[in-house]
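Worksheet: the structure to be examined is printed underneath.
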Protein chains: 2
Amino acid sequence: MQSPLLTELVNALKILPSVGPKSAQRMAYYLLERNRQGAQKLADVLQESIEKIGHCERCRDLTEDPICHLCSSPSRNANELCVVESPSDVLAIEQSGIYRGLYFVLMGHLSPIDGIGPEEIGLPQLEQRLKEEGVEELILATNPTAEGEATAHYIQQMAQPLGIKVTRLAQGIPLGGELEYIDSGTLGQAFAGRK
Amino acid sequence: MQSPLLTELVNALKILPSVGPKSAQRMAYYLLERNRQGAQKLADVLQESIEKIGHCERCRDLTEDPICHLCSSPSRNANELCVVESPSDVLAIEQSGIYRGLYFVLMGHLSPIDGIGPEEIGLPQLEQRLKEEGVEELILATNPTAEGEATAHYIQQMAQPLGIKVTRLAQGIPLGGELEYIDSGTLGQAFAGRK
């Protein structure tokens, strides 16, 4: 129907999350018809990112440096360590501006069915860090899902013998939420945790 | 906040149509964390497309060949020429399977305010084609918008002295449409064109 190379471009764009055949088609036409400069920029930056962006040696976050700028910042409080599942969680917490400590990014959660065990999410590295560095508080900020809870539980068990204070993000009603629309699980947590 | 290169990648992805900051962020993380192979493929195909894909010399559609495969196909009826605004319109008409003639892609519509005149949408080239090739029917399939109608009117004026039959796509109620939800303009057209 259309040129083979254009079809290939549409297929390559379809791998992007929540981009279907129609959107991919629209993106391909947009890039080639209206914004070749932007397309060139995207191709270049994407190539450079693939080559240079790896994981921070300390926190496993995505970065093009050996140690990311958060880990190497002298203004962060090294006594607090916050464990999250993905780089986007770091971004969300940083945007809230509430936390000044360091991070450890699991890059996933424990999921034995998918072959993801403690090694795959860097827990030996985390344990060594807890032993060697003067971490006073370990904040478990994994997602409030079954896998996230299981992962948090596992890490808690690991940190307890080391005498480190382990905390978990508070659960309850989100700001601006209306009671009638909140699921019963969250409501149950909110009642149980009332103060 | 995050690594400069990652920020650059997010900004480069934001140029894609209907991709905002959150989606771009998600795409960047997805490409780097979960699908580097797909990311590499996208970077390569995008680069190749930018270098190779240009416009067909006959119909102005996007293609990597000098003459696109539709224009060079011997099985198409060269007596019919369908004028559309963009390559995606060609694709939509081809998918319907109803048309076996050739196309002419304007790559836009007349819009004097934006400095888009007859030259910019290839009308001299179209006129020459109408004069030199034995086109018997010119089908105006520009969009049913003010600009599309104006463009169609202009082309009709251009083709009339050449004695070519000029037609326009029928307007009315779309298949499966429900009367109560159809806008009054369309309903008016459907009434006026009843048969």
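The model shown is predicted, which means the values in this text are computed figures rather than measured ones.
Of the two parts of A:Val19, only the side chain, counted from C-beta on, holds a non-hydrogen atom closer than 4.5 Å to a non-hydrogen atom of chain B. Proximity to chain B involves both the backbone and the side chain of A:Gln47, based on heavy atoms less than 4.5 angstrom apart. Heavy-atom distances place the side chain of A:Leu31, and not its backbone, under 4.5 Å from chain B.
Of the listed residues A:Ala39, A:Gly108, A:Cys56, A:Gly54, the one with more heavy-atom pairs under 4.5 angstrom with chain B than any other is A:Ala39. The candidate from A:Gln40, A:Lys41, A:Gln25, A:Arg34 with the greatest count of non-hydrogen atom pairs under 4.5 Å with chain B is A:Gln40. Heavy-atom pairs under 4.5 Å with chain A were tallied for B:Asn35, B:Leu32, B:Asp65; the largest tally goes to B:Leu32. Contacts with chain A were tallied for B:Leu6, B:Asn11, B:Thr63, B:Leu16; B:Leu16 has the most, counting heavy-atom pairs under 4.5 Å. No other option in B:Pro4, B:Ser23, B:Cys68 has as many heavy-atom pairs under 4.5 Å with chain A as B:Pro4. Taking B:Asp44, B:Leu13, B:Leu42, B:Asp61 one by one and counting their heavy-atom pairs under 4.5 Å with chain A, the maximum is reached by B:Leu42. The choice from B:Gly38, B:Pro17, B:Ala28 that makes the most heavy-atom pairs within less than 4.5 Å of chain A is B:Pro17.
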- Start with the C-alpha distance between A:Met27 and A:Val10, add both sets of side-chain angles, then the distance that settles side chain to side chain contact (heavy atoms under 4.5 Å, CB included), and finish with yes or no. CA-CA 8 Å; A:Met27 286 175 176; A:Val10 171; over 6 Å; no
- Task: Dump the intermediate steps for side chain to side chain contact (heavy atoms under 4.5 Å, CB included) on A:Ile121 and A:His109, then the final yes or no.
- Result: CA-CA 7 Å; A:Ile121 57 172; A:His109 46 238; 5.7 Å; no
- Query: side chain to side chain donor-acceptor pair (under 3.5 Å) between B:Ser3 and A:Glu64: does it pass, once the steps are laid out?
  - Reply: CA-CA 7 Å; B:Ser3 95; A:Glu64 68 261 40; 2.5 Å; yes
- Task: Report the C-alpha distance between A:Ser86 and B:Tyr29 in whole Å, list the side-chain angles of each, state the deciding distance to 0.1 Å, and finish with yes or no for side chain to side chain contact (heavy atoms under 4.5 Å, CB included).
- Result: CA-CA 9 Å; A:Ser86 85; B:Tyr29 282 137; over 6 Å; no
- Item | Test log, rule side chain to side chain contact (heavy atoms under 4.5 Å, CB included), inputs B:Leu140 and B:His153 | CA-CA 9 Å; B:Leu140 300 178; B:His153 184 74; over 6 Å; no
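Nearest heavy-atom pair across A:Ala159 and A:Val166 is CB-CG2, 3.8 Å.
The shortest distance between side-chain heavy atoms of A:Arg60 and A:Gln125 falls below 4.5 Å.
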